[in-house]
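Remarks on the structure that follows.
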Amino acid sequence: MSGPVTGRRAALLAMLAALSACAAPPPPAPVVTADPDPDPETVYTPGPIAWDSLTEEHKRRARQGLTRLGEDVPDDATLQARWMIMPPAQQRYMIRRPPPPPPRVVPRGRAAPARGAAPARRGAPPPPPRRAPPPRR
């Protein structure tokens, strides 16, 4: 079968070459190494967290958290007393780092409708109500 290549065989070989080129895996994505977190979060041992071992940032977050919960913390002594009676899970919740903001998604194609803009086009209006047939005599 090593005879001359016919037109049909040549076309099939060309298609095979094109398909094998399409089936090749894409090149691997470049590896991007992120810089380490410049402000790593302090990790505390299990159990209650002593007020003296908190960083200034965590003390600030604790005060803000109690204020958000509606508790009155006029001075540091009240804040420390309230801190010491908190369960460890609540202590960790109060001083946790806030999550990063969600990524902003920009719609593709059309721009998002502005506030107060006319509503988008709707489908055809519903058909008019049907009348009952006249009574039979």
Side-chain angles (χ1 to χ4, degrees):
M1 292 222 56
S2 61
V5 177
T6 63
R8 184 175 180 179
R9 185 175 287 172
L12 289 174
L13 288 173
M15 283 188 350
L16 180 65
L19 285 176
S20 65
C22 291
V31 177
V32 178
T33 56
D35 293 334
D37 191 2
D39 182 24
E41 192 74 21
T42 305
V43 178
Y44 297 99
T45 58
I49 304 170
W51 181 258
D52 297 336
S53 66
L54 289 176
T55 63
E56 290 302 316
E57 174 66 14
H58 287 161
K59 290 177 182 178
R60 183 187 64 77
R61 290 182 193 169
R63 181 182 296 278
Q64 283 182 340
L66 288 172
T67 304
R68 271 195 315 269
L69 292 176
E71 298 210 17
D72 186 27
V73 277
D75 57 1
D76 284 343
T78 308
L79 179 61
Q80 288 177 30
R82 178 63 182 95
W83 179 261
M84 295 315 291
I85 62 171
M86 254 191 241
Q90 188 178 14
Q91 288 177 344
R92 283 174 171 68
Y93 181 78
M94 287 291 164
I95 64 172
R96 79 194 190 291
R97 179 185 292 188
R104 186 170 173 203
V105 179
V106 178
R108 293 186 180 187
R110 296 189 301 176
R115 282 188 160 184
R121 283 185 21 206
R122 297 183 183 163
R130 294 181 56 155
R131 287 187 172 175
R136 289 188 176 182
R137 293 187 193 192

Please write out which residues are connected to Leu12 in a hydrophobic cluster, directly or through intermediates, given that two of Ile, Leu, Val, Met, Phe, Trp, Tyr count as joined at side-chain heavy-atom separations below 4.5 angstrom.
-> Met15
Pairwise salt bridge (charged side-chain N to carboxylate O under 4.0 Å, His left out) hits with a residue in residues 85-95, at least two apart | none
Can you tell me how far the CD atom of Gln91 sits from the CG atom of Leu54, to the nearest 0.5 Å?
-> 7.5 Å
Do Leu69 and Met94 come within less than 4.5 Å of each other through their side chains, counting heavy atoms only?
-> yes
Under the salt bridge (charged side-chain N to carboxylate O under 4.0 Å, His left out) rule, collect the residues that match up with Arg60, sequence neighbours excluded.
-> Glu57
Where at least one partner belongs to residues 72-84, residue pairs that pass salt bridge (charged side-chain N to carboxylate O under 4.0 Å, His left out), sequence neighbours excluded = Arg63-Asp76, Glu71-Arg82
How close do Pro48 and Pro88 get, heavy atom to heavy atom, and via which atoms?
-> N-CG, 3.6 Å
List in chain and number order the residues that pass side-chain hydrogen bond (donor to acceptor under 3.5 Å, both in side chains) with Thr55, two or more places apart in sequence or in another chain; answer none if no residue qualifies.
-> His58
Work out which heavy atom in Ile95 is nearest to a heavy atom in Ala62; give both atom names and the distance.
-> CG2-CB, 4.3 Å
Sequence neighbours excluded, every pair satisfying ring pair (Phe, Tyr, Trp, His ring centres under 6.0 Å) that has a member inside residues 79-99 | Trp51-Trp83
